[in-house]
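Heavy atoms only: backbone and side chains are in, while hydrogens, waters and symmetry mates are out.
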Amino acid sequence: MLQTSWDVRFETVEPVRGFSWRKYGRGFAGWYYSVTVRDHVGYESWLERDRLVLLDRDPQVTAIASQPFWLHWHDGVRKRRHAPDYFVRLADGRARVVDVRAEDDLDDDTRESFSATEHACRAVGWEFGWEFDWVGRPDPVFMANVRWLARYRRTRCGRPQAVADRLLDVFREPKGLWEGAGSVGDRLQVLPVLFHLLWSGALETDLVGGLMQTDSLVWTEGSR
């Protein structure tokens with residue numbers, strides 16, 4: 001019962017089952033290197049991979065584990081079990097259990113599994129900081145932009161620090177991405193740092209209105 005296991009550090013556990021996918025199927029298993037965890041985290045579909053990227057970019061997320069535990073219940077006819085996709089630890093200590101599935105891909109068994117997981121998290125109670133989150137497909141334009149920025153998620157992309165500092169200063173007045181990068185120095189050196197700052201949120205741009213272009217308006221966080 002989760003009520004008696006609420007204080008287990010599920011973010012540190014190994015997956016309770018292997019990651020599976022079928023040839024020619026819709027799933028695709030793999031490992032994503034998370035800069036938050038500083039280790040690889042498993043996924044079983046592109047949709048789960050995209051959610052990992054978003055969790056990795058979320059400043060409130062401090063730890064992520066995939067397939068963290070088995071939840072068992074009886075549906076009145078048969079015994080059931082479900083391993084949620086992710087366990088997430090937040091900066092304020094709360095725990096979030098995440099299941100990932102597109103809405104148009106939900107069947108009755110999946111809905112029941114998600115409902116049982118939500119009920120179990122609710123039974124643990126808000127006093128212990130547990131919550132459940134079912135997530136579907138993110139906005140495709142937003143996700144395409146974030147996937148691009150994820151290439152520059154590692155801290156080494158944010159160096160040298162002098163370039164990062166200069167970028168933050170240059171973009172205090174919003175200006176085009178290409179123009180601002182060129183005003184700092186050699187774009188071959190500057191652009192990876194710029195993209196890292198966009199990944200971290202130190203620089204901002206519109207990630208929803210369209211795919212990033214050379215003339216995309218960029219500004220320093222809080223300056224607009």
Side-chain heavy atoms of [X] within contact of [Y], under 4.5 Å:
X      : Y      : result
Phe171 : Leu197 : no
Tyr152 : Leu194 : no
Leu149 : Leu207 : yes
Trp199 : Arg57  : yes
Val37  : Glu11  : no
Trp73  : Lys79  : no

Which atom of [X] lies closest to which atom of [Y], heavy atoms considered:
X      : Y      : value
Thr110 : Arg101 : OG1-NH1, 3.4 Å
Gly210 : Asn145 : O-ND2, 3.0 Å
Thr205 : Ser216 : OG1-CB, 4.1 Å
Arg153 : His196 : O-CE1, 3.4 Å
Ala95  : Arg89  : CB-NH1, 3.8 Å
Val146 : Leu54  : CG1-CD2, 4.0 Å

Quiz item: Have Gln67 and Glu44 got a donor and an acceptor in their side chains that come within less than 3.5 Å?
Solution: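 There is such a pair between these side chains.
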Quiz item: Do Trp134 and Glu103 get their side chains close enough for a donor-acceptor pair, meaning under 3.5 Å?
Solution: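 Looking only at side-chain atoms, Glu103 and Trp134 do not form any donor-acceptor pair under 3.5 Å.
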Exercise. Please list, chain by chain and in numerical order, all residues satisfying ring pair (Phe, Tyr, Trp, His ring centres under 6.0 Å) with Tyr32, sequence neighbours excluded.
Key: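 Not a single residue meets the ring pair (Phe, Tyr, Trp, His ring centres under 6.0 Å) criterion with Tyr32.
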Are more than 12 heavy atoms, taken from residues, nucleotides or ligands other than [X], located less than 6.0 Å from that residue's [atom1] atom?
X      : atom1 : answer
Glu173 : CD    : no
His119 : NE2   : no
Asp186 : CG    : yes

Atom [atom1] of [X] and atom [atom2] of [Y]: how far apart are they, to the nearest 0.5 Å?
X      : Y      : atom1 : atom2 : result
Phe28  : Tyr43  : CZ    : OH    : 6.0 Å
Phe132 : Phe114 : CZ    : CZ    : 6.0 Å
Leu191 : Cys157 : CG    : SG    : 12.0 Å
Met143 : Asp50  : CE    : CG    : 4.0 Å
Trp219 : Arg172 : CH2   : CZ    : 15.0 Å
Glu118 : Glu131 : CD    : CD    : 11.0 Å

Quiz item: Any Lys/Arg nitrogen of Asp75 or Arg81 sitting under 4.0 Å from an Asp/Glu carboxylate oxygen of the other?
Solution: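 Judged by the 4.0 Å cut-off on N to carboxylate O distance, Asp75 and Arg81 do not form a salt bridge.
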Between [X] and [Y], is there a donor-acceptor pair closer than 3.5 Å when you use the side chain of the first and the backbone of the second?
X      : Y      : value
Asp99  : Asp85  : yes
Ser113 : Asp109 : yes
Lys175 : Val170 : yes
Thr220 : Leu168 : yes

Do you reckon [X] sits in the same ILVMFWY cluster as [Y], going by side-chain contacts under 4.5 Å, direct or chained?
X      : Y      : answer
Val53  : Leu211 : no
Trp178 : Leu188 : no
Leu198 : Val141 : no

Quiz item: Angle class for the Trp130/Phe10 ring planes (parallel below 30°, perpendicular above 60°, tilted otherwise)?
Solution: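 Ring orientation of Trp130 relative to Phe10: perpendicular.
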Quiz prompt | Plane angle bin for Tyr33 and His40 - parallel if under 30°, tilted between 30 and 60°, otherwise perpendicular | solution =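 Perpendicular.
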Quiz item: What's in the same ILVMFWY side-chain cluster as Val16, cut-off under 4.5 Å, chained through other members?
Solution: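 Besides Val16, the cluster holds Trp70.
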